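Since the model is a prediction, treat every value here as computed from it, not as a measurement. If you read the sequence from its start, that first residue is 1, and numbering goes on from there.
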Amino acid sequence: MPTTQAPTNWAGNITFSAARLHHPDSVDELRRIVSSADRVRVLGTGHSFNRIADTEGDLVNLDRLPHRVEIDPGKGTATIAAGMRYAHVAQALHAEGFALANLASLPHITVAGACATATHGSGSDQRCLAAAVAGLEIVGPDGELTRFGRDEDRDRLNGAVVGLGGLGVVTAMTLDIEPTFDVAQWVWTGLPLDRLDDSFEEIFGAAYSVSVFTDWRSGEGVVWLKCRTDLPDPPEPGQSWLGARPANRHHHPVPAMPPLHCTEQLGAPGPWHERLPHFRPDFTPSNGDELQSELLLPRESASAAFAALRGLGDRIAPVVQVSEVRTVAADELWLSPAYGRDSVAFHFTWVPDHDAVIEVVAAMEEALLPLGARPHWGKLTTAAPERILASYDRAGDFARLLAEQDPAGKFRNAYLEGYFPTG
């Protein structure tokens, strides 16, 4: 039976407007819910910070659908239940000797939700998580199942993967996989921020996955290097590097937080899924008392972006818990913020004070949007939809795909209508 108590997102800054929240326990039940509803949106783990999942109609959570991980070693793919969390998918793949190329910092999020918003991990040669999708199974507005596949129509799949929930309810996804691998994680502290500019390629090319944490005012950063043990070694462990010092204890991305919930550091090797995320799946990384925003820019704009953010450091630091800089490789997904360009991503975890935070977000966007910044679809932004879409060459194609797949607008909401208005 559906529940009527108003759910909130993970951070608690959004209370959803839905009349009902459903937890179907089979795809057939889900199809019946969709076909009989006037408006439907899907709610995953609630790790979005805006109203992308909101609706005044029916919310559907796929957390009770049966888990499914079907590996095809010959094709190098695995078909999974889309509502599964990355932690569960990763554990199942690793048990069979396989891996995903990349993971986000949180393994707690659902695969479908992460891909629908182009969420990413880190690595100059690693694309966003959605770029691993080779096929989708979607429940459409009439309750019928539709498939998008790379073999059938690669370009159409590229339009559907980052779908913002507008094409239907994704029930299954086929993902590219590879043989399992081990990772060792090292931390360096006290990196002079000037090095982000003059040693950009050395820093972000130093490991398979690299994150730099800072507050933009202190003049220093902390570097996390996640190094595949089957690839060349990172900077010499135990030695200073670019002015940074090797850590002799575990760290949390937020300086004031204890590192209990973080993945193993200090160079101890372990399976890919236990090192690529920042946080362990068996712990909640924080209590949700935060807001988040993120901007992705062309990598060639990194130097100008560093200068702009340091210039805003006195405004950023009082309301930021931590800012993270990562790199992401270009992809072909129509609505990915890394579409068509190698990117540098600036992520911000803010204090839970919306009015104070949104003023700073607006100032940052005024500085960074002219440099080509694209906001993350699931996080806070002040930019007008038309300004955001102006940087997406395939936005018009996506609008047509929406109209084709959902002509009556069953999966639309105010968020989606703001970007792709009907008619």
Query - Aromatic centroids of Trp377 and Tyr392 separated by under 6.0 Å - result: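 So the answer is yes for these two rings.
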- [ ] Please confirm whether Phe204 and Phe200 have ring centers closer than 6.0 angstrom.
- [x]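 Judged by ring-centre distance (under 6.0 Å), Phe204 and Phe200 do meet the cut-off.
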Q | Contacts of type ring pair (Phe, Tyr, Trp, His ring centres under 6.0 Å), residue His88, not counting sequence neighbours | A |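 Residues passing ring pair (Phe, Tyr, Trp, His ring centres under 6.0 Å) with His88: His67.
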Listed by chain and number, what are the salt bridge (Lys or Arg N to Asp or Glu O under 4.0 Å) partners of Glu386, not counting sequence neighbours?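 Expected list: none.
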key: Summary of ring-ring contact (aromatic ring centres under 6.0 Å, His included) pairs that have at least one residue in residues 115-147, sequence neighbours excluded   =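 Counting only pairs at least two positions apart or across chains, no ring-ring contact (aromatic ring centres under 6.0 Å, His included) contact touches residues 115-147.
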query = Quick one: which of His252, His273, His261, His47 gives a ring pair (Phe, Tyr, Trp, His ring centres under 6.0 Å) with Phe279?
reply =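 It is His252, the one option of His252, His273, His261, His47 that forms the ring pair (Phe, Tyr, Trp, His ring centres under 6.0 Å) with Phe279.
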Partner residues of Asn61 under the side-chain hydrogen bond (donor to acceptor under 3.5 Å, both in side chains) criterion, sequence neighbours left out: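 side-chain hydrogen bond (donor to acceptor under 3.5 Å, both in side chains) check on Asn61 returns nothing, list empty.
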**Asked** What pairs with Ser124 under side-chain hydrogen bond (donor to acceptor under 3.5 Å, both in side chains), at least two apart in sequence or on another chain?
**Response**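 side-chain hydrogen bond (donor to acceptor under 3.5 Å, both in side chains) list for Ser124, sorted by chain: Thr327.
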Residue pairs involving residues 359-373 (criterion salt bridge (Lys or Arg N to Asp or Glu O under 4.0 Å); sequence neighbours excluded):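 Salt bridge (Lys or Arg N to Asp or Glu O under 4.0 Å) check on residues 359-373 returns Glu366-Arg387.
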Electrostatic pair Asp25-Arg64, nearest N-O below 4.0 angstrom |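 Between Arg64 and Asp25 there is no salt bridge, as every charged N stays at least 4.0 Å from the carboxylate O atoms.
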| Distance in Å, Glu220 CD paired with Leu191 CG, rounded so as to fall on 0.5 Å steps |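 CG of Leu191 is found 8.5 Å from CD of Glu220.
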Which value, rounded to the nearest 0.5 Å, describes the distance between Met173 atom CE and Ile138 atom CD1?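 Answer rounded to 0.5 Å: 9.0 Å.
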